[in-house]
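We use all heavy atoms of the structure for the numbers below, so side chains are in, but hydrogens, waters and symmetry mates are not.
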Amino acid sequence: MSSLFRSIKTLKNSSSTLLRRGYGSEAVPDRKVAVLGAAGGIGQPLALLMKLNPLVSSLSLYDIANTPGVAADVSHINTRSEVKGYVGEEELGKALEGSDVVIIPAGVPRKPGMTRDDLFNINAGIVKGLCEAIAKYCPNALVNMISNPVNSTVPIAAEVFKKAGTYDEKRLFGVTTLDVVRAKTFYAGKAKVPVAEVNVPVVGGHAGITILPLFSQATPKANLADEEIQALTKRTQDGGTEVVEAKAGKGSATLSMAYAGAIFADACLKGLNGVPDVVECSFVQSTVTELPFFASKVRLGKNGVEEVLGLGPLSDYEKEGLEKLKPELLASIEKGIKFTYK
């Protein structure tokens, strides 16, 4: 709970900072955020967290059912943003019009024994339809893709936008922030350092071995043994499975994912509003490796991606992990691209 309060305080501080930077007496620019899949396990806590964000002036909640109730509930919270709920495909356009940031947690959750690939056909179809609507109603929005498998749904979105003639690689993000959140938490516990001070870049993709935390670059520095680093890496890669098994068939990582999604959306809003040096890891179109999409540090700005940052120095263990993940990540990317042409 204290971590959440610190995050809310950070968001409020960002609002006052923007005020000091000359955005006028109305505090911060008006920004509309749309959450697609807002009645789901991730969508509801994500809607709550976005309602708490002072950078949001209009919060649009969309789902195929139950959204009016979620919107009514969240709208009673005494923060800046006005909340509207939209339900069913016929209201999707209204939900999207004028959006600055669109967050997509829509889809079915992973269950015990289910791999991310098992989710593919269902979630890929959902993502394709939503992205077709985004291309039509808010083509300039920053799109934050949470729907799994991210390694495939981001390429699907890119192809849909290309077909529509609206693709801008600077405005499409795969949200891998949960991998960073987990890496920070696990590292802090093992290194016995305050988690609020920890930073760990996580690169690659957003599933299994494609997730590569760079603990050699973690700060504060800790003298951890090789086997401890390997165990931390494995736990970060298997974090989703850990939650699925702990919930024993009752769900997946919804609360931590909502928190991670809110952190990344906040970074996007800060970038749009001109806050300098906003850097987060994200799965984006990239030339950092030979793969067309790759997660690494990204500098965010008024146009979305201002700069895709390099990997920095890697340990031998990380270099080995990087080479191992490439074939699997490439296969997932190609699977997503092929899906859009079925």
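You'll find the side chain of Leu212 stays beyond 4.5 Å of the side chain of Val202, heavy atoms only. Proximity of Pro139 to Ile134: side-chain heavy atoms (C-beta onward) are nowhere separated by under 4.5 Å. Contact of the Glu280 side chain with the Val298 side chain is not registered, since no non-hydrogen atoms from C-beta on lie closer than 4.5 Å. Tyr62 is listed as a side-chain neighbour of Leu92, based on a closest heavy-atom distance under 4.5 Å. Using a 4.5 Å heavy-atom threshold, the side chains of Val305 and Phe173 count as touching. Within the 4.5 Å cutoff, the side chain of Val181 has no heavy atoms near those of the Phe264 side chain. At least one side-chain heavy atom of Leu314 sits under 4.5 Å from a side-chain heavy atom of Gln217. The shortest distance between side-chain heavy atoms of Ser296 and Leu311 falls below 4.5 Å.
Under 3.5 Å, the side chains of Glu159 and Tyr341 contain a donor-acceptor pair of N or O atoms. A side-chain N or O of Thr79 and one of Lys51 form a donor-acceptor pair less than 3.5 Å apart. A donor-acceptor contact under 3.5 angstrom links the side chains of Thr210 and Asn151, judged on distance only. Side-chain polar atoms of Ser57 and Glu82 form no donor-acceptor pair below 3.5 angstrom.
From Met50, atom CE reaches atom CG of Leu48 across 11.0 Å, with rounding to the nearest 0.5 Å. With rounding to the nearest 0.5 angstrom, the NZ atom of Lys32 is 12.5 Å from the OG atom of Ser81. Between atom CG of residue Asn123 and atom CZ of residue Phe339 there is a gap of 10.0 Å, rounded to the nearest 0.5 Å. Rounded to the nearest 0.5 angstrom, Arg80 CZ and Leu52 CG are separated by 14.0 Å. To the nearest 0.5 angstrom, Glu169 atom CD is 4.5 Å from Gln285 atom CD. Between the CG atom of Leu224 and the NZ atom of Lys190 there is a distance of 8.0 Å, given to the nearest 0.5 Å.
Using the six-membered ring where Trp is involved, Phe215 and Tyr187 have ring planes that are parallel, under 30° apart on the 30 and 60° scheme.
Note: the hydrophobic cluster containing Leu96 also contains Leu172 (ILVMFWY, side chain heavy atoms under 4.5 Å, direct or indirect links). When hydrophobic clusters are built by joining Ile, Leu, Val, Met, Phe, Trp and Tyr residues whose side-chain heavy atoms come closer than 4.5 Å, directly or via intermediates, Ile103 is grouped together with Tyr137. Criterion: ILVMFWY side-chain heavy atoms under 4.5 Å apart, direct or through other members. Under it, Leu214 and Leu291 are part of a common hydrophobic cluster. Note on Val284: it does not cluster hydrophobically with Leu309, by side-chain heavy-atom contacts below 4.5 Å among ILVMFWY residues. Cluster annotation: Met257 and Phe186 are assigned to distinct hydrophobic clusters (Ile/Leu/Val/Met/Phe/Trp/Tyr, side-chain heavy-atom contacts under 4.5 Å, transitive).
Using a distance-only test at 3.5 Å, with no hydrogens or angles considered, a donor-acceptor pair links the side chain of Ser147 to the main chain of Ile104. Side chain of Arg171 to backbone of Asn140: a donor-acceptor contact under 3.5 angstrom is found. Of the possible polar contacts, none joining the Ser99 side chain to the Val102 backbone as a donor-acceptor pair under 3.5 Å is found.
Open room surrounds NZ on Lys338; 12 or fewer heavy atoms of other groups in view lie less than 6.0 Å from it. Remark: Lys192 NZ is loosely packed, at most 12 non-hydrogen atoms of other residues, nucleotides or ligands lying under 6.0 Å away. Environment of NZ in Lys324: sparse, with no more than 12 heavy atoms of neighbouring residues, nucleotides or ligands closer than 6.0 Å.
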Stepwise salt bridge (charged side-chain N to carboxylate O under 4.0 Å, His left out) check, Glu290 with Lys326: CA-CA 9 Å; Glu290 64 271 26; Lys326 286 179 180 179; 3.3 Å; yes
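Under the 4.0 Å criterion applied to side-chain N and carboxylate O atoms, Glu97 and Lys94 are not assigned as salt-bridge partners.
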